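Just so it is clear, the structure is predicted and the values come from calculations on it, not from any experiment. Below, each value reflects all heavy atoms present in this structure, side chains not excepted, and no hydrogens, waters or symmetry copies.
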Amino acid sequence: MLKVGLTGGIGSGKSTVASIFEVLSIPVYYADKSAQKLMNEDESIISSVIAAFGKESYKEGHLNKDYISEIIFNNKEKRQLMNSIVHPATIAAAHKWMSKQSSPYVIKEAALIFESHSEKELDYVIGVKASEENRISRVMERDYISKQEVQSRINGQMNEEEKMNKCDFIITNDETALLIPQVMALHNKLISLAIKK
């Protein structure tokens with residue numbers, strides 16, 4: 001079974017691409033959702049986050065996302081600290097999940113595949129790219145935030161071009177090419193690569 005990463009910058013539409021793979025009966029592990037779950041349920045992560053970011057990190061037993069976002073999106077060191085707390089547990093959870101799957105390949109959807117160095121445990125990585133203009137308008141619409149806030153989040157992520165250069169396959173998601181045919185073509189390619197493995 002092939003282990004395939006799916007990544008892209010904020011607003012690139014990687015979740016949309018992941019949902020198409022799910023329609024094709026390919027299991028998808030959503031790393032960011034898993035990380036949020038772990039941050040709300042894993043006692044050792046919770047105590048580490050509180051120790052690093054203060055009691056305000058949790059409100060009524062749940063992660064205070066607004067408070068944490070404000071800190072980590074504007075401070076590279078704090079962002080790296082948070083990643084060092086959460087990434088090892090998320091990678092371990094993904095590994096456990098993958099070992100239970102039986103399809104020709106599985107998808108791990110994650111924003112920070114290269115930043116967390118989890119590409120080392122994957123056979124291939126798919127990048128989803130879109131123009132910055134598209135990404136900004138999508139995130140403004142989705143999260144009800146200003147253009148400046150989206151721009152600061154984009155600036156806090158790995159450079160889009162650098163990220164795409166590290167990927168094995170690219171899917172373009174900015175209205176210049178139809179999405180489903182691109183995913184279908186890649187699905188067929190991955191099935192044939194899985195058969196050869």
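- With contacts defined as side-chain heavy-atom distances shorter than 4.5 Å, the pair R142/I10 qualifies.
- Side-chain contact, E115 with Q80: no donor N or O sits under 3.5 Å from an acceptor N or O.
- Residues Q157 and R79 are not in side-chain contact: their nearest non-hydrogen atoms beyond the backbone lie 4.5 Å or more apart.
- For the salt bridge (charged side-chain N to carboxylate O under 4.0 Å, His left out) test with E160, the passing option among R135, K129, K166 is R135; the others fail.
- The minimum heavy-atom distance between S15 and E109, with the atom names listed, is OG-OE2, 2.9 Å.
- Linking ILVMFWY side-chain heavy atoms closer than 4.5 Å, directly or via other members, places I68 and I46 in a single hydrophobic cluster.
- Sparse packing is recorded around CD1 of I180, with 12 or fewer heavy atoms of other residues, nucleotides or ligands lying under 6.0 Å away.
- For the atom pair M39 CE and I85 CD1, the distance stands at 8.0 Å (nearest 0.5 Å).
- The NZ atom of K14 sits 12.5 Å away from atom OG of S19, with the distance rounded to the nearest 0.5 Å.
- If you take OH on Y30 and CD on E22, they are separated by 3.5 Å, rounding to the nearest 0.5 Å.
- In this structure, the side chain of K163 does not engage the main chain of I113 through any donor-acceptor pair within 3.5 Å.
- Across every non-hydrogen atom of P27 and S25, the tightest pair is CD-O, 3.7 Å.
- Interatomic distance, S103 OG to I26 CD1, rounded to the nearest 0.5 Å: 5.0 Å.
- Y29 places no side-chain N or O within donor-acceptor distance of the main-chain N or O of S34, the cut-off being under 3.5 Å.
- Within 6.0 Å of CD on E133 lie no more than 12 heavy atoms contributed by other residues, nucleotides or ligands.
- Checking D123, I107, I191 one by one against L2, the side-chain contact (heavy atoms from CB on, under 4.5 Å) holds for a single residue, D123.
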Between H117 and H87, is a side chain to side chain contact (heavy atoms under 4.5 Å, CB included) present by the stated rule, with each step listed? CA-CA 9 Å; H117 306 294; H87 283 163; over 6 Å; no
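- Taking the six-membered ring where tryptophan is involved, the planes of Y105 and F21 are perpendicular, since the angle between them exceeds 60° and thus also 30°.
- Residue L63 is grouped with residue F53 when hydrophobic side chains (ILVMFWY) are merged at heavy-atom distances under 4.5 angstrom, including chains of intermediate members.
- V106 is not listed as a side-chain neighbour of K100, based on a closest heavy-atom distance of 4.5 Å or more.
- Of the charged side-chain nitrogens involved, at least one lies within less than 4.0 Å of a carboxylate oxygen, so that R153 and D143 count as a salt-bridged pair.
- To the nearest 0.5 Å, atom CD1 of residue I171 and atom CD1 of residue I126 are 5.5 Å apart.
- For the pair K3 and H95, the tightest heavy-atom approach, listed with the atom from each and the gap, is NZ-CE1, 3.9 Å.
- There is a path of hydrophobic side-chain contacts, each under 4.5 Å, that joins I195 to F169.
- Between atom CG of residue L38 and atom CD of residue E43 there is a gap of 12.0 Å, rounded to the nearest 0.5 Å.
- Hydrophobic clustering (ILVMFWY, side-chain heavy atoms < 4.5 Å, transitive): V125 and V183 are in distinct clusters.
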Start with the C-alpha gap between T90 and K108, add the side-chain angles, then the distance that decides, and say whether side chain to side chain contact (heavy atoms under 4.5 Å, CB included) holds. CA-CA 11 Å; T90 310; K108 176 185 179 179; 5.7 Å; no
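- Of all the heavy atoms in K189 and S192, the pair that sits closest is O-OG, 2.8 Å.
- Contact record, D174 with S131: OD2-N, 3.6 Å, taken as the closest heavy-atom pair.
- Remark: side-chain polar atoms of N64 are not paired, donor with acceptor, to backbone N or O of K59 under 3.5 angstrom.
- The closest donor-acceptor contact from the side chain of Q182 to the backbone of T172 lies under 3.5 Å.
- Here the closest non-hydrogen pair linking R138 and A130 is NH1-CB, 3.5 Å.
- Not one N or O on the side chain of N40 forms a donor-acceptor pair closer than 3.5 Å with the backbone of H62.
- One hydrophobic cluster holds both L24 and L193 under the rule that ILVMFWY side chains link at heavy-atom gaps under 4.5 Å.
- A donor-acceptor pair under 3.5 Å links the side-chain atoms of T7 to the main chain of A111, judged by distance alone.
- Not a single donor-acceptor pair under 3.5 Å links the side chain of S69 to the backbone N or O of D66.
- With no hydrogens or angles considered, no side-chain donor-acceptor pair links S118 and E121 at under 3.5 Å.
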